[in-house]
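Everything numeric here is computed off the predicted structure, so don't read it as measured data. Below, chain A is the first sequence line, B the second, and so on; all start at residue 1.
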Amino acid sequence: MQAPLARQEDLCIAPCRQAAGGHRPGSMAVWVFIYAELFEFGLFFLAFLVAKWHFPQEFHQGPMQLNTLTGFINTLVLLSSSFFVAQAMRTIKRGETYLCVRWLCLAVAAGVGYCVIKAWEYQWNESMGIHSRTNYFFATYYYLTFNHLLHVMIGTCTLLLVTGMTLLGFFSADDHEGLEGAASYWHMIDLVWILIFPLVYVLR
Amino acid sequence: MWARLVNKSLQNQADTRLRQAWLKLLGLTWLSFLVAESGHLTPLVLVLVLGVTVVKGRWVIDEFMGLKQSLGTRWIVSLYFYLMTAVIGLGMLWSPV
């Protein structure tokens, strides 16, 4: 049997079905939700910087008390999870359902790993006598990172759901918009963390 | 047979590119971590770290999210990312301490 010729989306790394205005991965509703989330995090970043302006000493000393290693490891975990999700999208477009499920399972595992490491980081903070009420820096740190953690939890549950749906045959090479939406949401979470990592852990 | 070979070759190229993007992202994160551990924030370090952040965001948007072909969405997400990076940079630069 002759293999089908490579389609346009197979030649690209990620979903890129070429249409007149270009292909947006996921439905419009998902993207409205993603834009709202990005706006929300944008406000958090501004709040962080305003607080830094008002309490410069606390924001100068605070980051030095944080566990940078956990922030670093979590960045690696999230970037890897995004890679797994991108691979899952590539495989579903090729009709390789079981391979797609495997990549999605890896992404879910990375999401759970992120939550475990973050929980350990919070516990480590507690053992060092750091709480959300220690000072304004830690209040904004917990506000920002806990909010992001909640989004990772929601994203992980969503990935788990689409993994099950993929396994049950809900998505195929021709119809996978729901999976694309979940993937886009997950990448958005990763993108926000790429900004949080230097803001909280690196630039001190 | 030729079609299958071409197909496989193109898929491998794309897979390799994606894997390379992932490894580069991990490498850049490691660079940021080293900067964080050095503990000296100078304007040059700030520009370096934010430059690394912009490159990382660019790769996630283009390679992982696959927005290269979706011009409108790519434009909005990229604008947000650049704007936030610039705001963070200015916030750090003009911080009283």
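- Applying the 6.0 Å contact sphere to CZ of A/R102 captures no more than 12 heavy atoms from other residues, nucleotides or ligands.
- Heavy-atom distances place both the backbone and the side chain of A/L69 under 4.5 Å from chain B.
- Per-residue heavy-atom pair counts under 4.5 Å with chain A were compared for B/I61, B/V52, B/I76, and the maximum is reached by B/I76.
- Between the CD1 atom in A/I189 and the CG atom in A/L150 there is a gap of 10.5 Å [rounded to 0.5 Å].
- At a heavy-atom separation below 4.5 angstrom, chain A is approached by B/L46, B/V49 within residues 42-49 of chain B.
- Salt-bridge check for A/E180 with A/K93: passed, with a basic side-chain N closer than 4.0 Å to an acidic carboxylate O.
- Atom CD in B/Q20 sits 12.0 Å away from atom CG in B/L25 (nearest 0.5 Å).
- The environment of OH in A/Y136 is sparse: at most 12 heavy-atom neighbours from other residues, nucleotides or ligands sit within 6.0 Å.
- Results of the ring-ring contact (aromatic ring centres under 6.0 Å, His included) test with A/F137 over A/Y143, A/F59, A/Y142 single out A/F59 as the only residue that passes.
- The pair B/E63-B/K68 meets the salt-bridge criterion, since a charged nitrogen lies less than 4.0 angstrom from a carboxylate oxygen.
- Side-chain atoms of A/I117 and A/E121, non-hydrogen and from C-beta on, never get closer than 4.5 Å to each other.
- Using a 4.5 Å heavy-atom cut-off against chain A, the contacting residues of residues 81-88 of chain B are B/F81, B/M84, B/T85, B/V87, B/I88.
- Annotation: residues 36-44 of chain A contacts chain B through A/L38, A/F39, A/F41, A/G42 [non-hydrogen atoms, separation under 4.5 Å].
- Summarising the local packing, CD of A/Q123 is surrounded by 12 or fewer heavy atoms from other residues, nucleotides or ligands at distances under 6.0 Å.
- Within the model, atoms CZ of B/F64 and CD of A/Q87 stand 8.5 Å from one another, a figure rounded to the nearest 0.5 Å.
- If you tally non-hydrogen atom pairs under 4.5 Å between each of A/Y35, A/Y201, A/F45, A/F48 and chain B, the highest count goes to A/Y35.
- Rounding to the nearest 0.5 Å gives a distance of 11.5 Å between CG of A/L106 and CG of A/L159.
- Atom OH of A/Y141 is separated from atom OH of A/Y122 by 5.5 Å, given to the nearest 0.5 angstrom.
- For B/W75, the CH2 atom sits in a loose shell: 12 or fewer heavy atoms of surrounding residues, nucleotides or ligands are nearer than 6.0 Å.
- Using a 4.5 Å heavy-atom cut-off against chain B, the contacting residues of residues 70-83 of chain A are A/F72, A/T75, A/L76, A/L79, A/S80, A/S82, A/F83.
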Run the numbers on B/V60 and B/K56 for side-chain contact (heavy atoms from CB on, under 4.5 Å), then give the verdict. CA-CA 6 Å; B/V60 168; B/K56 283 166 74 176; 5.6 Å; no
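- Heavy-atom pairs under 4.5 Å with chain B peak, among A/I194, A/L49, A/L46, at A/I194.
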Report the C-alpha separation of A/Q65 and A/F138 in whole Å, then their side-chain angles, then the decisive distance to 0.1 Å, and conclude whether the side-chain contact (heavy atoms from CB on, under 4.5 Å) test is met. CA-CA 10 Å; A/Q65 297 172 55; A/F138 288 109; 4.0 Å; yes
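- With values rounded to the nearest 0.5 angstrom, A/H176 atom NE2 is found 10.5 Å from A/T91 atom OG1.
- B/L50 approaches B/G89 most closely through the heavy-atom pair CD1-CA, 3.2 Å.
- With a 4.5 Å cut-off on non-hydrogen atoms, A/W31 touches chain B through its side chain but not through its backbone.
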Take A/M64 and A/Q61 through the side-chain contact (heavy atoms from CB on, under 4.5 Å) test and state the conclusion after the steps. CA-CA 6 Å; A/M64 290 172 193; A/Q61 290 166 350; 5.7 Å; no
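- The pair B/D15-B/R19 fails the salt-bridge criterion, with no side-chain N (NZ, NE, NH1 or NH2) lying under 4.0 Å from an Asp/Glu carboxylate O.
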